[in-house]
Engineer: 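Following this message is one structure expressed as structure tokens.
We use all heavy atoms of the structure for the numbers below, so side chains are in, but hydrogens, waters and symmetry mates are not. To find a chain, count down the sequence lines: A is the first, B the second, and so on, and within it residues start at 1.
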Amino acid sequence: MPPLLEVDDLHMHFFTRDGIVKAVDGVSFSLEPRETLGVVGESGSGKSVTALSIMRLIPEPPGKVVKGDIRFRGDSILAMGEKEQRKLRGNRIAMIFQDPMTSLNPVYRIGKQIAEPLRIHKNMSRKDSWDAAVELLKQVGIPQAADRARSYPHEFSGGMRQRAMIAIALACGPDVLIADEPTTALDVTIQAQILELIQEIQARTESAIIMITHDLGVVADVADHVLVMYAGRAVEFGTADDVFYRPLHPYTWGLLESLPRHDVDEKGQLCPIKGQPPSLINLPQGCAFRPRCAYSQGVCTMERSGLVEITPGHFSACQFSGDSGFVEKACGFLSRER
Amino acid sequence: MLTYIGRRILQMIPVFIGVTILLFILRAPGVLPGDPIKLITGERAISPALYNQIVKENALDKPLWYQYGRWMDHLFHGDLGESYQLKRPVADILIEKFPNTLKLALVAILIECFMGMAAGILSAVKRYSFWDVLVTLSTSILVSLPVFWLGMILQVIFGIKFKEWGLPYLPISGMTSADFPGWVHYVLPAVTLASISTAYAARITRSQLLEVMGQDYMRTASAKGLTGGQVIWRHGLKNALIPVVTYLGLDLGAMVGGTILTETVFNWPGIGFQIYRAILSRDWPIVLGAVVIIVILVMIINLLVDISYAFLDPRIRYGRVAK
Amino acid sequence: MKLRKHAWIGLVLGIILVGALVALAGCGGGTATTTSSSTPAGEQPVKGGTLNVYINEPVSIDPVDLEESEGTQVGQALFDSLTTFDYLTMKVGPAAAASWDVNADASVFTFHLVPGAKFHDGTPVTAGDFVYAWNRLCDPANKSNVSYHLAPVKGFDEVQAGTVKELSGVKAIDDNTLEVTLSYSFADFIYVVAHPTLAPVPKAAVEKDPAAFSAAPVGNGPFMMDGTWQHDQSIQLKAFADYYGKKPNIDGIAFKIFKDPETAFLEFKAGNLDWTMIPTGQIKATQDQYGTSDDGYTGNPGKQVQLGSELSIYYLVVNTKDDIFKNPDLRQAVSLAINRQAIADTVYEGTRAPATSIIPPGIVGYEDGAFPYSKYDVEAAKAALTKAGYPNGQGLPELTLSCNSGGGHEDVMALVQADLKAIGINVKTDFTEWAAYLKKLDDGTFQFGRLGWVADYPIIDNFVYPLFKSGSADNKSKYENPAVDSALEAARKTLDESERIKAYQAIVKTVGQDTPVIPIVAYKHHHVTSARVFNLILSPNYLLDFQDCWIKG
Amino acid sequence: MAPDFFEDPRRRDIGQAAEEQTFGGSEALAETVVAGRGRTLRTDAWRRLRKNRLALAGLVWICFMIILAASADLWVPHFFGAPTAIDTSKVAQQSLLSPSADHPFGTDKLGRDILSRTIYGARVSLIVGVVAVAIMVVIGLILGAVAAYYGGWWDSIVMRTADVFFAFPYILFSIVLIALLGFGLQTVFIAIGVIGWPSIARVFRSSILSVKNNEYVDAARAMGASTPRILFRHIMPNAVAPIIVYGTMSIGGAILTEAALSFLGVGVQPPAPTWGNMLSEARSSLFTAPWLMLYPGLAILTTVLAFVLLGDGLRDALDVKLKE
């Protein structure tokens with residue numbers, strides 16, 4: 001049986017006045033029911049574009065899938081007609097967006113917005129869909145849901161709006177739930193609640209989840225597998241434990257180092273990754289991370305490595321990831337402490 | 001909401017008083033050249049009896065402040081005085097002329113509403129396409145056209161040339177004629193009057209829609225599985241059209257007093273031309289009465305536009321916004 | 001803005017559209033087509049049809065205030081006055097009065113009314129209705145602009161001052177006899193009473209609702225109101241079945257109200273008007289297309305353009321109290337320098353005639369060339385300028401020619417300016433709005449400017465008395481000549497018609513020597529009738545004869 | 001949507017409401033890609049303006065008209081005759097000639113060359129446009145600055161006065177002002193300028209308000225900078241872009257207003273050649289001499305269009321969103 005969702009060597013490029021932006025340049029992964037995949041990377045690494053490509057929400061032009069495929073239960077989404085795509089969207093595959101403050105339409109009541117996918121996909125009546133919306137609001141933990149459904153978005157706090165967004169995504173009981181930085185715009189205390197809610201929902205509904213974040217800490221708690229992206233490419237893929245405790249790629253090391261660590265003493269330094277992500281139009285020759293990498297060597301400027309399976313199920317795109325000595329030496333401190 | 005409306009009405013009072021005082025200052029003898037009453041008989045000298053009669057009836061021999069008070073007092077009793085030139089009650093003249101201007105303005109607003117919005121939506125949805133360029137260019141041309149020139153060209157083409165060529169043609173002036181049903185007379189003047197505003201409405205619709213189309217909630221709507229049309233129709237338009245509605249409201253207000261050119265070209269028996277004539281002949285009772293009515297109408301329209309905001313955009317709660 | 005390649009097609013299309021528009025407007029020259037003319041000779045009057053007539057919005061259509069041409073046009077269809085002036089014979093004839101007697105010194109007039117005449121509401125027309133109408137006209141409370149018509153009548157000043165309500169000089173001897181006593185001899189008074197503003201009104205109808213009466217007057221004329229006056233839109237009239245005189249052929253008249261002749265002319269071209277004014281600039285083309293009336297007054301199919309003389313004169317008024325213009329030689333120089341023919345031909349396309357006197361043709365006693373300096377003679381002008389002390393304009397400061405704007409006078413002023421420059425007089429124009437301009441004329445704070453004068457009656461007195469009598473409010477030149485003043489009083493008292501006319505002609509010549517005004521052009525009609533209208537006469541005093549026309553087709 | 005906007009929508013007049021809408025929009029994706037190459041605002045704006053072909057066409061047309069108008073005395077009378085020259089002895093032969101080699105645009109009723117008059121008309125239109133807008137901007141800047149900087153009563157008085165101005169029908173108000181001041185070129189631009197200031201004042205006021213409470217202004221104030229100094233050193237540079245854009249568009253509007261006033265007979269008085277006067281004269285010869293109407297109308301259209309396109313281009317180039 002084919003996997004629930006399969007992204008196969010996806011190349012999503014943007015054709016602009018200034019050149020071709022290779023926003024996603026060869027990403028593959030697959031997802032099984034109930035599985036949670038964490039996708040991690042800095043801004044501009046292509047993780048959101050990957051998610052939007054799955055939803056087919058990238059406007060074409062300027063975007064274009066130049067290579068690769070996305071398959072849902074074995075059927076190519078790219079090959080589908082617009083009509084079939086819509087049948088998936090919001091129904092079988094749903095998405096939660098980053099900024100709940102702006103992602104809800106300010107002129108419609110919350111209840112109506114939650115009911116909308118039900119009315120499209122399930123052909124429910126106005127009344128039934130409204131009742132279902134109230135029920136969904138309850139499920140995502142909004143008190144007095146019947147009243148609150150009548151509210152407008154501006155009457156909700158940020159956390160409540162994100163719950164409402166989740167309710168919209170959940171409305172049709174999707175097989176795949178894509179959460180694009182669902183907690184970034186929220187207060188820290190609310191972040192935890194929302195993550196908990198997502199996990200709770202997963203437990204209840206058996207959806208698969210793609211959790212997109214720049215915060216490795218978030219995926220550590222919830223993900224089964226983790227995909228680390230840099231400059232439009234996957235640089236590391238493995239189980240959450242593998243990536244978290246035995247990271248292979250210097251970029252992953254950088255991400256981990258930049259995490260605030262609560263388990264060590266307060267004075268532990270935050271080490272942000274130096275430099276800026278590269279322009280996606282003019283990628284440096286060889287390894288894209290090379291200019292920022294503390295361990296780069298001559299060979300890195302010459303060629304770039306694809307994902308290589310280092311240990312079973314654990315892939316990395318660094319020339320030296322196969323060299324366990326290098327890995328030990330470079331990031332031993334990380335794995336020991338965890 | 002009620003306090004807001006109350007506050008807005010209170011704010012109107014100084015504007016109203018300002019406008020009327022300004023008019024009375026202009027009306028004071030010696031400010032504008034020419035004796036209004038001597039103008040009544042044109043090139044022929046006025047008889048002293050007629051002169052004195054009109055001075056007496058209008059209390060023009062009294063101090064200006066007294067005249068102002070008297071005029072205000074009459075206004076509150078619904079009396080706008082009598083025209084010097086036409087020797088008819090100003091109220092009668094206004095009751096005759098205002099509806100004609102308002103009707104024309106409403107038809108023009110309807111044209112703006114449909115044509116402007118349709119063009120704006122078309123060009124926003126098909127951005128950078130042929131249609132977008134066409135709309136952009138034609139709106140730029142429309143806002144650059146002198147209205148009276150456009151009116152003259154329309155008259156020649158649709159009224160005269162079409163008839164010469166044996167095509168269905170349109171009446172070119174007035175509100176009524178034996179050969180056409182009444183509504184046909186609205187076509188050319190309303191199109192002329194609407195021309196510039198339609199272009200603006202199209203531009204505003206386009207830019208608002210483009211802005212809205214970049215909003216996150218539009219992406220949310222797409223993610224729900226709505227078609228492109230549904231996304232724009234259900235989620236985009238309501239947001240994008242709020243400023244358009246404001247514009248149309250303000251424009252209606254502007255049209256109430258600003259249709260002189262169209263009325264002149266199309267011989268429309270409206271208020272704009274009446275005031276224009278009254279200013280030139282210093283027929284102050286008409287100028288005062290008409291301008292006051294226009295100002296009140298404009299203020300009411302603006303208030304209605306504000307209130308309609310509250311219904312269109314739930315984020316606005318006037319009570320809260322008040323600082 | 002970023003454009004996709006094929007989007008430039010849009011741009012090109014737009015340009016083509018503009019081009020098409022240009023081409024379309026460019027070919028609008030109007031191909032002259034001669035209308036097939038049916039000769040009216042064999043035509044017999046046909047009954048029926050409604051005549052569509054262009055007018056401006058009148059000020060009033062009630063006889064209490066028939067001042068300007070538009071209201072008078074409507075008023076004369078609704079009302080008959082005591083007498084009427086026949087322009088074909090140049091004689092005063094009977095109207096509401098079948099006959100009249102004048103006493104020996106022309107100060108008492110007794111009018112015998114047509115018996116059995118009725119108002120439109122069926123009430124009989126009596127002498128009392130004239131008394132009422134005239135008192136109404138003079139009562140200051142009615143604010144008539146034209147009460148001056150009755151200024152010769154005894155008791156006028158008292159009524160105007162408000163001390164009494166009734167003219168002592170007007171009496172109804174019986175229902176059909178009206179006696180009018182003047183405060184001075186004025187033989188021309190029978191011309192005065194032809195004016196429609198002196199028509200009778202039914203007291204009962206007026207006093208029931210004065211406002212309603214003004215909107216739909218009840219008259220004694222050949223036509224009656226059909227509905228009320230639709231302001232700025234139309235006034236509809238229908239034939240009055242019980243009219244005492246000759247009944248009209250047409251069933252009714254629709255006066256259609258337009259703001260300006262340009263729009264009306266477009267309507268005429270579209271076939272919706274039977275009579276309209278031709279905007280200057282289109283007269284030649286209109287003549288080519290519709291043919292020209294033989295006598296200038298009568299419109300018939302194929303001979304539709306009416307270009308006859310009017311009783312109006314267009315002149316420059318010179319401030320005789322001005323430091324520079326008090327010099328009559330300078331005034332004569334200016335008058336001689338102006339190429340009136342060029343003005344008549346280009347600005348008015350030949351629809352106005354160069355004026356040779358302040359009195360226009362069409363006035364009883366008109367003489368061509370009565371103003372000796374009212375002609376174009378550059379050499380004489382230069383000589384007069386030298387005589388005035390400014391050879392070739394040397395030493396003459398720049399003169400200011402004042403004018404009101406918006407009345408189409410700009411072109412005339414431009415030509416006058418060019419003419420005067422040619423003999424060395426530098427002139428700058430000073431345009432102001434009408435209100436400010438009139439104030440200048442009244443205050444005497446001008447050097448020279450333009451004015452027009454329209455006769456109420458076809459008599460010389462109607463020009464020379466108001467314009468040149470010392471102290472007259474209409475004497476904007478501030479002209480003072482005791483000889484003229486006394487000659488005027490004498491002329492008014494002269495009983496014999498031919499003697500009187502001679503006296504007036506002498507006055508005109510005296511004034512012409514002094515040149516306090518510089519006649520420019522005499523007005524001519526520039527009107528056109530539609531191809532379906534026969535025998536529609538526009539008289540010199542701008543009254544349409546609705547009784548003799550008919551409509552066919 | 002800032003609350004101030006809703007508090008009193010009358011603070012925005014029609015033209016402003018319409019013009020403040022961005023037409024080019026931001027091209028978010030492309031912008032992020034090319035962002036971060038160090039350039040000054042001015043060169044950046046110029047680069048963007050140069051890419052806007054329509055705006056460039058507008059600029060070229062305006063320059064062309066300015067050159068034509070400025071150099072007219074040097075060559076126009078020589079080839080086509082002076083715009084007001086009349087030879088009364090030949091006027092009948094010269095009247096209303098259709099376009100020919102001698103008179104490419106034909107002649108008017110008094111035999112004056114239309115091409116010559118159209119070129120000279122550009123002088124009046126451009127001068128009226130520029131001077132009226134200059135007056136408008138000066139009054140608007142001063143009152144807008146006073147309203148925004150001092151706030152409180154000053155703000156109320158200025159803004160209420162602006163309301164009074166807006167409540168009055170625009171064209172009627174100009175006619176009244178012209179009646180007050182008498183006819184003439186000066187009167188026309190004073191009338192247009194005096195009536196137009198409230199829009200500028202509002203734009204400027206809101207620009208000031210948006211930067212007034214910025215930290216760098218506070219810092220300057222803390223360092224003891226005087227009020228005018230703060231206004232000119234810190235606030236003006238930020239407010240200048242919207243004023244440039246609004247001013248450019250207003251020039252087109254002023255040209256149209258002048259034409260309308262002249263058309264109604266209360267503008268610049270004849271025989272001065274202005275496009276509005278020419279159209280007014282042309283109206284009586286609509287059928288016999290349509291070229292009289294055609295060329296002045298096209299001149300107005302193209303010139304105003306040029307200012308509109310340039311204004312649009314400037315707005316996009318300077319990235320002005322007047323709605324703040």
Engineer: Work out which heavy atom in D/Ala260 is nearest to a heavy atom in B/Leu261; give both atom names and the distance.
Structural biologist: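 Heavy atoms of D/Ala260 and B/Leu261 come nearest at CB-CD1, 3.6 Å.
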Engineer: Which is it for B/Arg203 and D/Asp312 under the side-chain contact (heavy atoms from CB on, under 4.5 Å) test, yes or no, and what are the steps along the way?
Structural biologist: CA-CA 11 Å; B/Arg203 288 178 145 216; D/Asp312 277 350; 2.4 Å; yes
Engineer: List the atom of B/Trp149, the atom of D/Met293, and the distance in Å for their closest heavy-atom pair.
Structural biologist: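 Scanning both residues completely, I find the closest heavy atoms to be NE1-O, 3.0 Å.
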Engineer: With respect to B/Ser144, which candidate in D/Thr302, D/Leu301, D/Thr303 satisfies the side-chain contact (heavy atoms from CB on, under 4.5 Å) definition?
Structural biologist: D/Leu301
Engineer: Please look at D/Val176 and chain B and tell me whether the side chain, the backbone, both or neither of the residue comes under 4.5 angstrom of a heavy atom of that chain.
Structural biologist: both
Engineer: Using non-hydrogen atoms only, which part of B/Leu150 is less than 4.5 Å away from chain D: side chain, backbone, both, or neither?
Structural biologist: neither
Engineer: Under 4.5 Å from any heavy atom of chain D, what part of B/Leu22 do you find: side chain, backbone, both or neither?
Structural biologist: side chain
Engineer: Sub-3.5 Å donor-acceptor pair from the side chain of B/Tyr276 to the main-chain atoms of D/Ile171, do we have one?
Structural biologist: no
Engineer: For chain B, which of D/Ile175, D/Val266, D/Thr257 has the most heavy-atom pairs under 4.5 Å?
Structural biologist: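 Sorted descending by pairs with chain B, the first entry is D/Ile175.
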Engineer: Once you round to the nearest 0.5 Å, how far does CG of D/Leu172 lie from CD1 of B/Ile260?
Structural biologist: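 Between atom CG of D/Leu172 and atom CD1 of B/Ile260 there are 4.0 Å.
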Engineer: With a 4.5 angstrom heavy-atom cut-off, could you sort out which part of B/Leu23 is near chain D: side chain, backbone, both or neither?
Structural biologist: side chain
Engineer: Which heavy-atom pair separates D/Leu305 from B/Ile141 by the least distance, and what is that distance?
Structural biologist: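 Heavy atoms of D/Leu305 and B/Ile141 come nearest at CD1-N, 3.6 Å.
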Engineer: So how far is it from D/Leu294 CG to B/Ile153 CD1, rounded to the nearest 0.5 Å?
Structural biologist: 7.0 Å
Engineer: Quick one, B/Leu145 and D/Ile300 - any side-chain contact, counting heavy atoms below 4.5 Å?
Structural biologist: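 Side chain of B/Leu145 against side chain of D/Ile300, heavy atoms only: no contact under 4.5 Å found.
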Engineer: Please classify the contact between B/Val291 and chain D as side chain, backbone, both or neither, with a heavy-atom cut-off of under 4.5 Å.
Structural biologist: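 Only the side chain of B/Val291 comes within 4.5 Å of chain D.
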Engineer: Among B/Leu297, B/Val265, B/Val287, B/Val244, single out the residue with the greatest number of heavy-atom pairs under 4.5 Å to chain D.
Structural biologist: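 So the answer, after comparing B/Leu297, B/Val265, B/Val287, B/Val244, is B/Val265.
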Engineer: For D/Leu180, is it the side chain, the backbone, both or neither that has a heavy atom under 4.5 Å from a heavy atom of chain B?
Structural biologist: both
